[in-house]
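Note that ligands are numbered from 1 as they come in the structure, with each ligand's atoms numbered from 1 the same way. Along the sequence shown, residues are numbered consecutively beginning with 1.
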Amino acid sequence: MRRRAVLTAGALAGALALTGCSGSDSGSGGAELSVSSPYMPQPVSADMAAGFLTITNDGGTGDELTSVTSDVAGQVTMHSTVGGAMAEKSSFAIPAHGRLVFSSGGSHLMFEKLKRAPKQGQTVTVKLTFAKSEPLTVEMPVKSATYTPSTGH
Ligand code: CU
């Protein structure tokens with residue numbers, strides 16, 4: 001039993017070393033994050049708005065989205081939707097070679113304490129902070145209040 005456990009740990013260390021050598025040498029800890037399809041439906045409320053985007057991880061190491069800030073909001077929270085009810089979460093996992101999707105009816109960003117009312121055609125600046133990777137800044141376009149992306153799924 002004991003010997004077997006040692007062998008497993010050795011194999012794991014070898015796999016990690018290989019992963020470390022194979023990525024682009026950007027020093028970002030192995031996750032390779034990019035953001036696509038960001039948008040905010042023009043809010044109907046004066047003090048609250050929702051936002052959606054997809055974060056894709058092309059790297060071999062998982063990461064976590066740990067906080068979100070924006071120039072238009074005093075606070076941005078991250079919500080999951082479970083059985084039609086929203087629940088605030090302190091972080092969302094971004095799996096290796098996977099995606100984190102915020103989409104209408106699912107997980108979403110909640111912009112609270114709005115400093116101005118975002119209007120269709122404008123953009124809002126959103127900063128995403130991760131557990132390992134460098135922060136990303138996204139220009140999120142404001143769409144119509146009823147906008148839905150035309151992706152089939
Ligand atoms: Cu919410």
Exercise for review: Could you check whether the rings of Phe52 and Tyr39 sit parallel, tilted or perpendicular, using 30° and 60° as the cut-offs?
Suggested key: tilted

Practice item. Output the atom name for the N/O/S atom of His79 with the smallest distance to the Cu ion (ligand 1). Key: ND1

**Study point:** Closest His108 atom to the Cu ion (ligand 1) [N, O or S only]
**Key:** NE2

Point to revise | Counterpart residues, salt bridge (charged side-chain N to carboxylate O under 4.0 Å, His left out), relative to Asp47 (two or more places apart) | key: none

Check your understanding: What's the shortest heavy-atom distance between Asp63 and Asn57, and which atoms?
Key -> N-ND2, 4.2 Å

Practice item. Taking both backbone and side-chain atoms into account, decide whether Met86 has an N/O/S atom under 2.8 Å from the Cu ion (ligand 1). Key: yes

Exercise for review: Start with the C-alpha gap between Glu88 and Thr77, add the side-chain angles, then the distance that decides, and say whether side chain to side chain donor-acceptor pair (under 3.5 Å) holds.
Suggested key: CA-CA 7 Å; Glu88 185 174 344; Thr77 54; 4.8 Å; no

